[in-house]
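On a predicted model such as this, the values are computed, not experimentally measured, just so you know.
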Amino acid sequence: MKNQPIIKNTFLRNLLIKVALVACTVALIVWAMPRDSSTNFKVETGKPWRYADFTAPFDFPIYKSEKLVNKERDSLLREFEPYYEYQATVENTQIRQLKQDYPNGIPGLPEGSIELIANELHYIYQQGILNSSEYNKLSADTSKTIRVVDGKKAVSTPVNKLYSTVGAYEKLILTPKLSEYKAILAKCNLNDYIMANLTYDKERSETSVDDLLNNIPLASGVVQRGQKIIDRGEIVNERTYNIMESFFRESERRQNADAKFSFIILGEILYVGILVICFTIYLSLFRRDYYEKPRSVMMLYSLILLFSVAASLMVSHNVLHIYIIPFAMVPIFIRVFMDSRTAFMAHTIMVLICAAMLQHPLEFIAVEEVAGLVAIFSLRELSSRSQLFWTAVLVTGATMLTNISIYWIQHNDITSIDYSEFNYLVINGLVLFCSYPLLYIIEKTFNFTSNITLIELSDMNKELLRRMSEVAPGTFQHSIQVGNLAAEIANKIGGKSQLVRTGALYHDIGKIQNPIYFTENQAGINPHEGKTYIESAQMLISHVTEGLKLAEKYNLPQVIREFIATHHGLGKTKYFYVKQKNEFPEEDVDDLLFTYPGPNPSTKEQAILMMADAVEAASRSLPDYTEQSIRELVCRIIDSQVDEGYFRDCPITFRDIQYAKTVLIEKLKTIYHTRISYPELKK
């Protein structure tokens, strides 16, 4: 009953972690997803339509192009008559001022000349006078007219019937009856009595312009829902381009509506949420152990999130083709550090999420699923850099074949293929070559250990291994032999052979601190003779703790350190423990003084190493190497380990253990086979 609250709390904690992972992943992906599907198209006049056949999803008007609208606007503005207000008081004021300035007439002119000038000014003012700058601007168009507003009347008047202030002055002094007195009139400054009596009515003119422009029809037709607009491969002409631009414009207008916008987000949350939850359920059912290693779960969700967001940003900004993104990197990384099934599931979920952002999702899903499968198949076990090269080549070739096969299915034609997509797929393959350096980044970020790293650690020129071969040659040979045996067992029962081989090379690395205390390094001198059994046991046990210190000093991966800690588990140094019990039966023995710090193995590979290590070490003490003696030794040691519960915490089965016994027996028989004696030549 006491365990029930603990189990319940653990369940709730794990559930909260999963809910938080799903919520964060969905929120970030939906935040980055494009809201306007029209940006997924790239339309170019004179180029073939390289997407699927397009049919109008709703009714929308065919908007005129901006060029055509501007042309109609300019045409209307050229015909527009600006409004000018007639100022009658200007004439009266100026003529009155003239008569006041010359009450006795102008010296040198005949009597009545003032009345003549006043009458001429009256005629000119009645025609209308504009400022010279405005007149020059309007008169550039000889057919230009304006509307002269006098009270409640607005009369269209040609500009060439009006006068500028300069023109009015010239008209005045060239009056036939006054022209002969031109020199005298020039001294009178008659231009002081000429002012513009037509002033621009800005408010009325601008209102009229707005009304005029607002009446320009922005659409030239309507496309009905279900109407086919263009087929794949068809050349885009100006009309089709204009229709597609109208579709984009209408889509943007519709999506700005709050109701529509909320449904888009709701749909995205639901869609992405379903896919991410399905992936989480898969992990919970079939890869539950990943939740015990946060780095594994973080890498899985981070990769899905990273590539989905990258696709969203690329589609939103329409900067590059979607095929340039190397989606096959995701199954490559997961396959290298985890397993094939999880790599396929993660890749499928990611591809389905990204497909929702595109207008041609079926082709994308087919091409990227093939890319992911080929990447997984070609990386059954990464052991060299050349494998990544060939993976990139195979993925590129497979995606090209898939792309062209889909085109043939849809069009039954080879002449109108858009080869630009092949360029993007080739670029994708080149980007895949970057998987190798990125593997190192992923490995260090999430604390994984790849096969390439394990192979590098297995190099006998590594400082630790070279030092062990010089200081503790017996231990070095023992480690190599254990590695060979353990790798054979791993291959037989489906374990990671390279991992267990590398772990075997380093499992006894702590012995280099005091190599003489271990029998495989002794040459006639036994330093245990002068020590108590407890001291000797402590010396043997110390090679585990010393090994962990060296592993930390030389920055060995955590997975290798686990082999060092678990290869004896929580077992005892039985030789000295039994000696202590037999020789001092009356004394209480503290078992902890003879017990390794452990822990017991927690993985199949650690269990394999424990079996291989114990059997290989014990096999050196056999008096004779017969099949019977080897079989009895192997069965006795491994059965003892099973009985003592060393393998309770690791996922190894009795079937695996039986296979391990068989492999060890056969390999030891081969190693210790009896050689025939060569005869001597008689003299």
Side-chain angles (χ1 to χ4, degrees), residues 7 10-30 32-33 267-312 325-357 361-362 364-382 395 442 445-448 450 494-496 602-604 650-651 653:
I7 295 173
T10 303
F11 173 78
L12 289 175
R13 184 191 63 190
N14 292 338
L15 181 62
L16 287 174
I17 291 173
K18 294 173 185 177
V19 170
L21 274 173
V22 171
C24 291
T25 304
V26 172
L28 290 173
I29 292 175
V30 171
M33 288 181 78
E268 290 175 347
I269 292 174
L270 188 60
Y271 178 77
V272 177
I274 289 172
L275 291 175
V276 176
I277 289 172
C278 287
F279 182 64
T280 305
I281 292 173
Y282 159 77
L283 293 177
S284 301
L285 293 177
F286 303 105
R287 293 292 182 268
R288 192 176 303 171
D289 56 308
Y290 287 163
Y291 285 105
E292 298 173 4
K293 302 174 182 177
R295 58 194 172 94
S296 300
V297 176
M298 289 302 298
M299 189 189 84
L300 290 171
Y301 285 88
S302 296
L303 288 175
I304 293 174
L305 176 63
L306 176 64
F307 279 82
S308 298
V309 170
S312 299
I325 300 178
F327 293 101
M329 276 188 180
V330 172
I332 287 175
F333 293 152
I334 299 175
R335 175 64 190 87
V336 168
F337 297 117
M338 295 182 186
D339 64 279
S340 298
R341 187 186 298 181
T342 304
F344 175 73
M345 285 297 298
H347 181 66
T348 300
I349 295 298
M350 176 193 64
V351 168
L352 290 176
I353 290 173
C354 295
M357 310 170 193
L362 295 180
F364 172 78
I365 292 173
V367 170
E368 293 302 336
E369 282 297 308
V370 168
L373 288 172
V374 171
I376 292 170
F377 295 155
S378 61
L379 284 175
R380 292 183 299 277
E381 186 174 351
L382 181 62
V395 167
I442 294 288
T445 301
F446 296 101
N447 196 25
F448 283 104
S450 66
K496 299 176 182 178
S602 59
T603 67
K604 184 183 292 186
C650 62
T653 65

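With hydrogens and angles ignored, the 3.5 Å screen pairs a side-chain donor or acceptor of His347 with a backbone N or O of Glu368. Tyr282 places a side-chain N or O within 3.5 Å of a backbone atom of Thr342 that can act as its donor or acceptor partner.
In this structure, CD on Glu268 lies 8.0 Å from CE on Met357, to the nearest 0.5 angstrom. Taking CG of Leu270 as the start and CG of Leu275 as the end, the distance is 9.5 Å to the nearest 0.5 Å. How far CG of Leu21 is from CG of Leu305: 11.0 Å, rounded to the nearest 0.5 Å. Atom NZ in Lys18 sits 9.5 Å away from atom CD1 in Ile281 (nearest 0.5 Å).
The closest side-chain heavy-atom distance from Met350 to Leu303 is not below 4.5 Å. Using a 4.5 Å cut-off on side-chain heavy atoms (C-beta onward), Met338 and Met299 make contact. Looking at heavy atoms from C-beta onward, Ile304 lies out of side-chain contact with Leu300 at the 4.5 angstrom threshold. Put simply, the side chain of Phe307 reaches to within 4.5 Å of the side chain of Met329, judged on heavy atoms. Contact annotation: the side chain of Thr25 never approaches that of Phe279 to less than 4.5 Å [non-hydrogen atoms, C-beta and beyond].
Residues that satisfy the side-chain hydrogen bond (donor to acceptor under 3.5 Å, both in side chains) test with Ser312, not counting sequence neighbours, are absent from this structure. Take Asp289 and apply the salt bridge (Lys or Arg N to Asp or Glu O under 4.0 Å) test, not counting sequence neighbours, and it matches no residue. Contacts of Tyr291 classified as side-chain hydrogen bond (donor to acceptor under 3.5 Å, both in side chains), with partners at least two apart in sequence or in another chain: none. In this view, Ala366 and Thr402, Ile406 satisfy the side-chain contact (heavy atoms from CB on, under 4.5 Å) rule, not counting sequence neighbours. With sequence neighbours excluded, the residues that form a side-chain contact (heavy atoms from CB on, under 4.5 Å) with Thr445 are Ile441. Shown here are the ring pair (Phe, Tyr, Trp, His ring centres under 6.0 Å) partners of Phe448, two or more places apart in sequence or in another chain: Phe337.
Results of the side chain to side chain contact (heavy atoms under 4.5 Å, CB included) test with Tyr301 over Leu283, Leu306, Leu28 single out Leu283 as the only residue that passes.
A perpendicular orientation is assigned to the rings of Phe327 and Phe364, their planes being inclined by more than 60° (bins at 30° and 60°).
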